[in-house]
Amino acid sequence: MPYSTLLYELRDGIALITVNRPDKLNALSHAVIGELEQAAGHIVEDAAVRAAIITGAGSKAFVAGADIAELAACDPAAARSLSERGSGVFRRLETSPKPVLAAVNGFALGGGCELAMACHLRIASENARFGQPEVKLGIIPGYGGSVRLPRLVGRGRALEILLTGGMVDAQEALRIGLVNRVVPADRLLAESEQLLRTALENGPLALAGCIRMVDEQEALPLEQALALESRRFGELAGSEDFREGTGAFLAKRKPSFGGR
Ligand code: COA
């Protein structure tokens, strides 16, 4: 498929999606958001894609936020619709039944931090920097930053990041739970791929089930969340993957999952 602002490569079941505007630190223009929407659709719908990595071109930035030149031209109605569009695209990634990992290779600011937070997993290179600097522009985050950040790192830490607009380095991001791992820059893609390959050894329906359950429980009271988990657990017990997984364990062999 032809992309002008993304690079797209399928590596043995893992889609590598690179935001490719390095001269603008991979800022999210309307065009990038449109193509990320296309790519999200591709991840979800293409059976050949089993997982995805999102990263940024160059060694300086993952994504340095929404394109401020475009943002500056927005009136209130346009700003709201820009926010709704971007949020919808990020939500599509977040609800992908296949794991999506952000390989954060530098600045992840504003929409870049928000894009990373919408992914299921985050690995940062040692030079990565995270922040929500929207307040410096006189506005709040528009792609889920004030919603996902407190859920990931807690209200107090989230508010410090949101109110100061300052940057958090990779080690601090690891300490507060904003990223899963920090690795040297030259190991970022290899470690990202390795983590996904480990996940992909498992049953695809079970992976999708974990992603969906972790997402849906957030909106539910504890008792209802536990009841929903029991229901889904029961449903998956009817799958061929469950027969295969348990059968392989008992027969002391490696399972071969078909995703059915
Ligand atoms: N939108 C549009 N263009 C951006 C951008 C953004 N979010 N972030 C960087 N750029 C552009 C710069 O305007 C510059 O373009 P130019 O060479 O045509 O002038 C180019 O990318 C390089 O950025 P520059 O600022 O020169 O790099 P730096 O190393 O001095 O600073 C940052 C790096 C990330 C600290 C700085 O670019 C920055 O603060 N960016 C904005 C971050 C932000 O507020 N994001 C939230 C947006 S809601």
Side-chain angles (χ1 to χ4, degrees), residues 3-7 17-37 39 54-91 93-94 102-119 122-153 157-173 176 178-179 182 185 188:
Y3 289 113
S4 63
T5 63
L6 303 181
L7 304 175
I17 294 158
T18 307
V19 181
N20 189 29
R21 294 182 77 206
D23 55 323
K24 295 292 178 194
L25 304 188
N26 305 319
L28 300 173
S29 59
H30 299 306
V32 176
I33 290 289
E35 293 194 348
L36 279 174
E37 183 169 33
I54 301 180
T55 193
S59 56
K60 194 168 167 183
F62 171 68
V63 164
D67 189 303
I68 298 172
E70 290 183 0
L71 191 63
C74 285
D75 64 14
R80 180 175 177 168
S81 98
L82 178 105
S83 166
E84 288 171 348
R85 173 123 201 266
S87 264
V89 173
F90 287 10
R91 183 71 183 140
L93 290 168
E94 188 173 46
V104 181
N105 57 310
F107 290 115
L109 302 175
C113 190
E114 292 167 304
L115 174 58
M117 289 192 292
C119 294
R122 282 159 292 284
I123 300 191
S125 60
E126 286 164 345
N127 64 319
R129 299 281 178 281
F130 297 80
Q132 296 288 161
E134 287 86 351
V135 286
K136 293 178 189 286
L137 304 172
I139 198 156
I140 66 168
Y143 294 159
S146 53
V147 178
R148 292 194 181 92
L149 190 59
R151 290 176 188 213
L152 260 179
V153 306
R157 287 181 177 126
L159 278 166
E160 182 174 340
I161 293 168
L162 291 164
L163 297 179
T164 60
M167 291 190 211
V168 163
D169 68 19
Q171 285 305 333
E172 177 70 355
I176 66 177
L178 183 50
V179 298
V182 177
L188 181 62

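Remember, it's 1-based here, ligands and their atoms both numbered in the order they're listed. Treat the numbers as computed from the prediction; the structure is a model and nothing was measured.
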Test of proximity, Ala64 against ligand 1: N or O pairs below 3.5 Å: yes
Lys24, any N or O under 3.5 Å of ligand 1 N or O: yes
Out of Pro133, Gly145, Gly131, Gly65, whose heavy atom is nearest to atom 43 (C) of ligand 1? Pro133
Does the protein come close to atom 29 (O) of ligand 1 - that is, does one of its heavy atoms sit below 4.0 Å from that atom? yes
Are side-chain N/O atoms of Ser125 and Asn127 paired as donor and acceptor at under 3.5 Å? yes
Atom 1 (N) of ligand 1 sits nearest the protein heavy atom Ile68 N, 2.9 Å
Does the protein put a heavy atom under 4.0 Å from atom 37 (O) of ligand 1? yes
Proximity of Leu137 to ligand 1 by residue part, where a heavy atom lies under 4.0 Å: side chain
When you look for heavy atoms under 4.0 Å from ligand 1, do you find them on the side chain of Lys136, its backbone, both, or neither? neither
With nothing but distance in play, are any N or O atoms of Leu71 less than 3.5 Å from an N or O of ligand 1? no
heavy-atom search around atom 24 (P) of ligand 1 in the protein gives Leu25 CD1, 4.5 Å
State, yes or no, whether a side-chain contact exists between Leu162 and Leu149 at a heavy-atom distance under 4.5 Å. yes
For the pair Val153 and Met117, evaluate side chain to side chain contact (heavy atoms under 4.5 Å, CB included) and give the outcome as yes or no after the intermediate values. CA-CA 11 Å; Val153 306; Met117 289 192 292; over 6 Å; no
Contacting atoms of ligand 1, where contact means under 4.0 angstrom from a heavy atom of Lys60: 27 (O), 28 (P), 29 (O)
If you compare all heavy atoms of Glu70 against all heavy atoms of His30, which two are closest, and at what distance to 0.1 Å? OE1-N, 2.7 Å
Provide the number and element of each atom of ligand 1 under 4.0 Å from a heavy atom of Leu109. 34 (C), 42 (C)
Which atom pair, heavy atoms only, marks the closest approach of Asn105 to Ala61? ND2-O, 3.2 Å
Measure across Ala108 and Cys113 and return the closest heavy-atom pair with its distance rounded to 0.1 Å. O-CB, 3.3 Å
Answer yes if a protein heavy atom lies under 4.0 Å from atom 15 (O) of ligand 1, otherwise answer no. yes
Using a strict 4.0 Å threshold on nitrogen-to-oxygen distance, state whether Arg91 and Glu94 make a salt bridge. yes
Looking at Ile17 and Leu6, what are the two nearest heavy atoms and their distance? CG2-CD1, 4.1 Å
Please say whether Met167 places an N or O atom under 3.5 Å from an N or O atom belonging to ligand 1. no
Contact between Arg80 and Ser83 at the side-chain level, heavy atoms closer than 4.5 Å - yes or no? no
Can you list the ligand 1 atoms lying under 4.0 Å from a non-hydrogen atom of Asp23? 20 (C), 21 (O)
So if I count the atoms of ligand 1 from 1 in the order they appear, which ones are less than 4.0 Å from some heavy atom of Phe107? 33 (C), 34 (C)
Would you indicate whether Leu137, at its atom CG, is surrounded by more than 12 heavy atoms from other residues, nucleotides or ligands within a distance under 6.0 Å? yes
